[in-house]
Amino acid sequence: MANLTLLQAINDGLRTAMKDDPSVLVFGEDVGKKGGVFLATENLQRDFGANRCFDTPLSEDGIVGCAIGMAMNGLRPVAEIQFQDFIFPAFDQIVSEAAKLRYRSGGQYTAPLVIRTPYGGGIRGGLYHSQSGEAYFCHTPGLKVVVPSTPHDAKGLLLAAIADPDPVLFLEPKALYRSVKGEVPEGNYKVPLSTLREARAGTQVTVFCYGAMVPVTLKAAEEAAASGIDTRVIDLRTLLPLDEEGVLEHAKSTGRVVVVHEAPRFCGFGAEISALIAEHAIEYMEAPVVRVTGFDTPFPNTLEHHYLPDHRRVLDALERVAHF
Amino acid sequence: MANLTLLQAINDGLRTAMKDDPSVLVFGEDVGKKGGVFLATENLQRDFGANRCFDTPLSEDGIVGCAIGMAMNGLRPVAEIQFQDFIFPAFDQIVSEAAKLRYRSGGQYTAPLVIRTPYGGGIRGGLYHSQSGEAYFCHTPGLKVVVPSTPHDAKGLLLAAIADPDPVLFLEPKALYRSVKGEVPEGNYKVPLSTLREARAGTQVTVFCYGAMVPVTLKAAEEAAASGIDTRVIDLRTLLPLDEEGVLEHAKSTGRVVVVHEAPRFCGFGAEISALIAEHAIEYMEAPVVRVTGFDTPFPNTLEHHYLPDHRRVLDALERVAHF
Amino acid sequence: MNLTTTQPLQVIQPDGGVNGYDPKLSEAELLHCYRAMLLVRAFDAICLKLQRSGRIGFSIPNEGIEATQVGAASALKKSDWIFPSYRDFGMALYHGVPALEMMHNMFGNAQDGAKGRQMPVHFSFVQPIHFVSISSPIGTHIPQAVGAAHAAKLRGEDTVFLASFGDGGTSSLGFHSGLNFAGVWKSPVVFLCQNNGWAISCPVEEQTASDGFAIKGEAYGIPGVVVDGNDLFAVRKVTLEAVVRARAGGGPTLIEAQTFRMGGHSTSDDPKRYVPPEQFEYWKKRDPLARFEKYLEAAGLLNAAKSEALRKEVEAEIAAAARAAEQVGPPGLETVFSDVYAEIPTHIRKQGEGLFDLGRRRGDAHAGDGKFPL
Amino acid sequence: MNLTTTQPLQVIQPDGGVNGYDPKLSEAELLHCYRAMLLVRAFDAICLKLQRSGRIGFSIPNEGIEATQVGAASALKKSDWIFPSYRDFGMALYHGVPALEMMHNMFGNAQDGAKGRQMPVHFSFVQPIHFVSISSPIGTHIPQAVGAAHAAKLRGEDTVFLASFGDGGTSSLGFHSGLNFAGVWKSPVVFLCQNNGWAISCPVEEQTASDGFAIKGEAYGIPGVVVDGNDLFAVRKVTLEAVVRARAGGGPTLIEAQTFRMGGHSTSDDPKRYVPPEQFEYWKKRDPLARFEKYLEAAGLLNAAKSEALRKEVEAEIAAAARAAEQVGPPGLETVFSDVYAEIPTHIRKQGEGLFDLGRRRGDAHAGDGKFPL
Ligand SMILES: Cc1ncc(C[n+]2csc(CCOP(=O)(O)OP(=O)(O)O)c2C)c(N)n1
Ligand SMILES: Cc1ncc(C[n+]2csc(CCOP(=O)(O)OP(=O)(O)O)c2C)c(N)n1
Ligand SMILES: [Mg+2]
Ligand SMILES: [Mg+2]
């Protein structure tokens with residue numbers, strides 16, 4: 001096992017998939033010689049050749065559209081979108097095409113592809129290099145949406161996503177690219193999609209979170225422990241299809257729930273968690289289900305540290321919910 | 001006052017705006033000579049000339065992109081997207097540009113435009129002529145999202161949207177275009193955005209709904225009344241910015257809530273309503289907050305009547321919630 | 001390399017003469033083309049009747065563009081792929097997709113390959129040729145064809161991919177990205193722009209200011225060729241040249257076939273609201289079927305009696321297909337919930353069970369009486 | 001109308017000679033252009049230093065493309081509009097946007113017109129010229145320029161709209177829709193494609209297979225012109241011709257200015273990873289500033305002393321601006337919540353109040369100490 005950053009784990013995952021399966025291709029803007037703007041694809045072109053890892057013209061519509069065609073015709077494309085903020089030109093291809101191809105063709109055509117893209121704040125990227133758009137995709141039946149928060153999961157979930165028969169959007173928390181490190185097994189292992197991870201055991205409050213909010217939440221949970229609040233932290237890992245049963249069990253078992261994400265609150269992913277609980281576990285709730293989220297504004301630049309939920313805001317919610 | 005269909009009310013609203021304000025333009029695919037595929041813009045080109053109402057090339061990106069430029073430079077564009085299903089090529093312009101222009105320019109540039117588009121099922125349109133994409137847009141700060149359900153509101157909300165200083169997505173329930181009729185005042189009147197409408201008074205259960213689900217819900221409420229369930233029906237009308245206070249008051253006052261929409265359930269607009277209640281009114285709830293929605297699948301064709309929530313499904317939820 | 005042409009290639013003269021051109025097709029092949037055109041016309045006419053009498057919801061008229069469809073399709077092998085538009089009935093029929101399978105789609109019945117999920121004319125076939133699932137959003141299939149072609153190219157296969165779209169389709173995002181990627185990758189794709197003069201009610205001069213559509217290839221380093229779309233041999237010839245070049249690694253071609261749809265955009269559309277009557281008259285004289293008939297007659301392969309017999313046979317075949325498809329019931333309720341993913345996830349399964357359960361509780365026949373079968 | 005050129009227009013020779021060409025600019029105007037180029041270079045150099053020392057987060061190198069920026073900008077009136085890319089510093093500086101205002105943006109401080117919400121170099125000005133708020137997504141501003149132009153045209157104004165973008169930008173959706181609409185509407189727009197050979201690490205031959213970028217105008221019925229982008233007079237000349245035609249109702253033009261960025265894509269980028277060293281050498285010899293200096297010297301308007309003095313003055317101006325901007329504090333916390341809409345809706349106001357409240361309760365200085373001021 002190697003001790004890798006999340007970014008290295010992704011590079012390792014791509015390498016492993018490319019080595020094990022010749023039908024896996026990696027492409028996107030600047031992923032070749034440059035190795036990607038974050039270096040997630042570093043040296044893949046050198047090591048696997050320009051037929052397996054290559055740059056594309058500046059068109060996300062083309063990147064995803066072509067990936068769908070490749071996937072239809074037997075390849076396993078892994079397309080990179082340079083920043084999640086720039087995925088919107090491909091929205092039609094993702095939402096109208098990749099997500100609906102199996103259904104509309106009665107299973108005759110399918111699109112087993114992976115779209116990797118860095119998302120979230122923390123790099124002073126302003127409106128267009130910071131967004132967390134998961135909710136847009138989670139409202140789209142036919143897609144899978146995955147967000148790792150540890151190097152181990154990043155590699156294992158990526159390998160599961162590449163092997164998956166359906167289109168997967170793989171959202172990489174760029175704030176964690178180099179800030180988290182961890183043990184990563186060698187070779188091809190898979191973390192099954194649609195499974196939760198208990199990042200911290202606890203009995204009084206459950207927090208549901210994912211991606212870059214996991215370490216923030218863990219920090220808040222540590223501080224809360226000091227003041228006697230025993231917090232369970234659930235890393236959702238796969239947002240769609242969500243392990244709804246698992247979410248409800250955790251919610252019921254503590255009766256107190258906080259949901260944390262970076263994206264704006266209104267119609268954000270957190271709303272679905274709250275709604276599931278309001279529909280299937282309301283009688284177990286001993287407190288309001290509180291969301292700690294980005295604000296319902298575009299993402300600012302200079303003041304991004306105020307926009308992003310931090311451990312103080314999570315802690316505040318934990319206290320509110322615990323002492324309700 | 002004239003007795004008009006919802007479609008006629010929209011045509012009347014467009015005419016009224018064009019007459020009162022020379023900076024109002026209407027354009028899109030086939031809106032000119034043909035008058036739109038549903039005839040919402042019938043005779044506007046004839047009556048106001050081809051400079052005020054005109055066809056465009058087949059590019060939603062171009063339609064919305066140009067509308068933003070026009071709006072920046074003093075016009076009040078009202079762009080039509082032929083079906084809401086075809087809005088996705090313009091997603092980037094709507095979400096990245098129209099919604100964020102005021103914020104990112106510190107208020108120096110703004111985009112007061114209206115995008116009208118028919119949405120929803122009921123015409124045997126299959127996957128791509130039936131969708132209800134409101135949740136995609138409601139997760140986008142900077143946009144306003146409006147959905148009328150009566151001819152009166154259709155005209156009054158449209159006129160308010162056109163006069164509004166911010167970009168408004170105006171979703172027209174195509175299933176109601178010709179199936180509802182009602183009194184529509186002459187001249188320029190506005191139904192203020194972000195206000196709810198009590199479509200039916202009731203004391204035991206509140207149903208939140210909008211667009212084509214309003215008549216469906218009203219029918220269910222009538223049937224429920226027969227079995228002793230007194231149902232209040234709230235037509236949300238503006239989804240963003242939502243009158244959250246109003247929603248919470250209604251929810252608290254009945255303590256039992258159902259939310260109805262056509263769109264898929266997962267991360268749909270209904271989740272936000274449930275989440276608001278779970279966060280701010282959970283202690284008033286005497287029953288789970290139940291969502292009646294489209295299924296988490298693409299929209300089918302032959303079986304669309306099973307996909308679309310009907311009064312039976314709403315009634316079932318009313319009974320569950322009332323007798324919990 | 002500038003192969004772009006601006007004058008449409010024409011082979012068959014209005015009187016059926018070909019000035020000695022040798023189509024290099026056997027009698028059987030020629031009659032197969034003719035039969036395919038007849039099939040389109042009969043399919044078209046019967047669907048129009050079915051729609052007018054309320055038995056199907058919608059159809060797309062194909063009259064007038066049969067030569068483009070059949071001419072282009074005839075240049076492909078069965079191992080090639082077609083990424084069609086919704087107005088490409090003839091390509092499927094030429095390659096032997098049974099009319100019955102197509103009719104199952106028109107009725108959206110239980111035997112429809114797409115399980116009744118799509119609107120009529122949104123076909124999907126993997127046999128006898130890949131005729132890729134049609135999508136309503138315009139242009140999205142164009143980069144997909146390029147991606148599929150790139151896959152074949154990387155594997156060293158010599159498959160060719162035909163992407164077909166309209167004049168309006170050239171304004172779409174997919175046209176721009178698809179042709180651009182194909183130019184850079186030298187993909188084995190033939191882009192067939194069926195310029196029928198209109199995108200619903202939008203005439204070409206309001207669609208683009210370019211000098212025709214073939215020239216748009218210049219923007220991507222792709223040769224563009226203009227052809228008389230009502231001339232089966234001409235369409236076949238330019239498509240075959242493009243296919244041969246693509247198969248040999250020479251990269252993509254953009255073909256503009258100039259034609260005209262004699263009907264409305266769809267059965268919901270009344271073209272008289274916007275198409276000047278002269279256009280109908282002009283193009284009526286250039287009917288592709290009549291022109292090919294004249295050729296066949298001149299070549300001694302057809303006469304009035306034979307043509308009449310074939311027409312009847314074909315009409316009977318289509319009518320029988322329609323009758324048979326109409327007998328088939330709707331798809332099972334479980335088809336609402338399957339095929340969203342390879343495996344049905346729990347939340348969708350529960351939604352299906354809920355619907356079945358409600359049907360049971362309400363005694364509603366539609367909802368099925370068994371338990372949720374997935 | 002086929003005005004498309006494929007050989008780049010050049011006026012100023014490498015030695016500063018112009019073969020008798022008369023730029024029709026006064027001495028003051030010529031020196032204003034020169035000064036604008038110096039301003040860009042100084043702004044560039046100082047921003048690089050600020051970024052390297054961690055005082056600003058990011059900048060975009062402009063060295064090498066000053067002639068394109070200033071030459072094009074010089075063809076516009078103050079009543080015209082610029083829809084810039086992120087690499088158009090010189091257009092703003094030429095038109096008199098104070099360096100201090102630009103520095104406020106680089107620091108994202110309380111006096112930044114965009115209230116510190118955007119990344120550095122994403123300027124927005126309405127004065128002294130409309131320099132429209134820059135967006136990061138590539139190409140989205142192109143149809144917007146066309147829409148703004150259409151508005152002016154409908155009102156009978158003679159304003160011209162310049163949309164500037166890179167070689168990579170031509171692959172974007174906005175390029176396709178923007179040029180297509182402009183062609184059909186004959187909009188008064190000048191499309192300036194700054195072909196600097198690279199889109200980050202993607203060279204033009206991997207960007208598109210077209211024969212250059214000017215030719216892409218053909219696809220939209222728009223004349224395309226190629227120009228030496230390191231030649232201020234040549235850029236000014238072709239832009240002026242395009243502007244004059246647009247102002248007179250003659251419709252849009254696509255200009256391809258061939259140039260090269262001597263720095264990285266941004267301060268986060270190391271071009272040595274992908275740009276062959278010969279390219280830097282080749283273009284170093286074609287430095288637009290040195291070339292214009294030679295012209296000015298040959299014309300007797302500049303000498304080493306004067307140039308040195310001007311350079312110092314300009315550097316001092318920029319350095320002073322940077323120092324002043326650095327003193328200004330961050331924007332107030334309420335700017336996170338304002339300008340989402342014209343009026344702040346209740347839910348956003350509450351979120352702001354919540355943040356202020358938390359700050360008060362925690363005694364956190366950042367969160368302000370007053371009550372939420374909106
Ligand atoms: C993205 C998108 N926008 C709008 C539509 C609605 N629409 C369907 S067909 C059509 C016209 C297409 O014209 P053309 O490409 O010329 O093909 P033709 O129907 O003439 O064969 C339009 C606007 C659509 N299907 N997709
Ligand atoms: C839609 C979109 N995709 C990707 C990016 C990331 N990106 C920023 S600049 C750039 C390259 C642009 O190249 P070009 O248009 O040639 O302009 P240049 O930087 O060379 O001036 C890329 C890929 C983006 N900003 N927007
Ligand atoms: Mg057409
Ligand atoms: Mg460039």
Side-chain angles (χ1 to χ4, degrees), chain A residues 28-39 42 50 54-63 82-83 85-92 123-131 264-266 292-307 309-310 312-313 315-317 319, chain D residues 57-58 107-110 112 114-120 122 135-140 166-174 176 199-203 206-208 265-266 268-270 273-274 330-333 335-340 345 347-348 351-352 354-355 358-359 361-362 364 366-367:
Chain A
E29 293 155 16
D30 306 296
V31 302
K33 281 181 299 298
K34 188 173 161 79
V37 292
F38 291 100
L39 303 183
E42 195 171 21
F54 50 90
D55 293 340
T56 65
L58 206 168
S59 165
E60 289 74 14
D61 180 68
I63 293 170
Q82 202 160 81
F83 283 85
D85 312 68
F86 303 140
I87 205 168
F88 300 125
F91 202 71
D92 197 31
I123 62 158
R124 277 290 193 96
L127 285 89
Y128 299 111
H129 296 79
S130 310
Q131 290 173 84
R265 189 209 66 183
F266 200 82
V292 180
T293 67
F295 302 118
D296 285 311
T297 73
F299 202 101
N301 190 53
T302 306
L303 301 179
E304 77 162 330
H305 51 296
H306 289 291
Y307 181 91
D310 59 7
R312 299 173 326 113
R313 278 170 63 199
L315 181 60
D316 193 54
E319 287 170 354
Chain D
F58 175 89
F107 283 93
N109 67 27
D112 171 25
K115 304 185 187 171
R117 293 178 182 135
Q118 290 245 61
M119 283 178 76
H122 289 64
S135 175
S136 310
I138 296 286
T140 48
D167 41 289
T170 63
S171 296
S172 70
L173 314 182
H176 188 53
I200 310 185
S201 70
C202 183
E206 290 178 25
Q207 189 66 245
T208 185
H265 169 71
S266 73
S268 322
D269 178 50
D270 175 11
R273 277 183 93 96
Y274 53 84
L333 196 53
T335 61
V336 173
F337 304 95
S338 56
D339 292 330
V340 185
H347 70 294
I348 299 182
Q351 292 176 5
L355 186 62
L358 181 64
R361 281 189 287 119
R362 301 268 170 193
D364 176 60
H366 287 304

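Labels below follow one simple rule: chain letters A, B, ... track the order of the sequence lines, proteins then strands, and each chain is numbered from 1. For the numbers below, each heavy atom of this structure counts, side chains included, while hydrogens, waters and symmetry mates do not.
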For residues [X] and [Y], determine if any side-chain heavy atom of one lies less than 4.5 Å from a side-chain heavy atom of the other.
X	Y	answer
Ser136(D)	Asp85(A)	no
Lys34(A)	His265(D)	no
Pro298(A)	Arg117(D)	no

Please classify the contact of [X] with chain D as side chain, backbone, both or neither, using a heavy-atom distance under 4.5 Å.
X	value
Leu315(A)	both
Thr56(A)	backbone
Asp61(A)	side chain

Worksheet item: Top residue by heavy-atom pair count (under 4.5 Å) with chain A, among Pro331(D), Gly174(D), Ala199(D)?
Response: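 Top count of heavy-atom pairs under 4.5 Å with chain A: Pro331(D).
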Worksheet item: Top residue by heavy-atom pair count (under 4.5 Å) with chain A, among Thr208(D), Leu173(D), Asp167(D)?
Response: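 The residue among Thr208(D), Leu173(D), Asp167(D) with the greatest pair count is Leu173(D).
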Under 4.5 Å from a heavy atom of chain A, the part of [X] involved:
X	value
Asp269(D)	both
Ile200(D)	both
Phe58(D)	neither
Thr140(D)	neither

What's the shortest heavy-atom distance between [X] and [Y], and which atoms?
X	Y	result
Ser59(A)	Ser171(D)	CB-O, 3.6 Å
Asn301(A)	Pro120(D)	ND2-CD, 4.1 Å
Asp30(A)	Cys202(D)	OD1-N, 3.7 Å
Leu303(A)	Leu333(D)	CD1-CA, 3.9 Å

Is there a donor-acceptor contact under 3.5 Å from the side chain of [X] to the main chain of [Y]?
X	Y	value
Gln118(D)	Gly126(A)	no
Asp296(A)	Ile348(D)	no
Thr302(A)	Gly116(D)	yes

Worksheet item: Would you call the rings of His347(D) and Phe266(A) parallel, tilted or perpendicular, where under 30° means parallel and over 60° means perpendicular?
Response: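 Tilted, since the angle between the ring planes falls between 30° and 60°.
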Worksheet item: Nearest 0.5 Å, what's the CD1-CE distance between Ile123(A) and Met119(D)?
Response: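 So the gap between those two atoms works out to 6.5 Å.
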Worksheet item: Out of curiosity, Arg312(A) CZ to Leu358(D) CG, how far, rounded to the nearest 0.5 Å?
Response: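 Those atoms lie 5.0 Å apart.
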Could you tell me which of [options] has the largest number of non-hydrogen atom pairs under 4.5 Å with chain D?
options	result
Arg265(A), Arg124(A), Glu29(A)	Arg265(A)
Phe54(A), Tyr128(A), Tyr307(A)	Tyr128(A)
Phe299(A), Phe86(A), Phe295(A)	Phe295(A)

Practice prompt. Run the numbers on Asp316(A) and Arg361(D) for side chain to side chain contact (heavy atoms under 4.5 Å, CB included), then give the verdict.
Written response: CA-CA 10 Å; Asp316(A) 193 54; Arg361(D) 281 189 287 119; 2.7 Å; yes
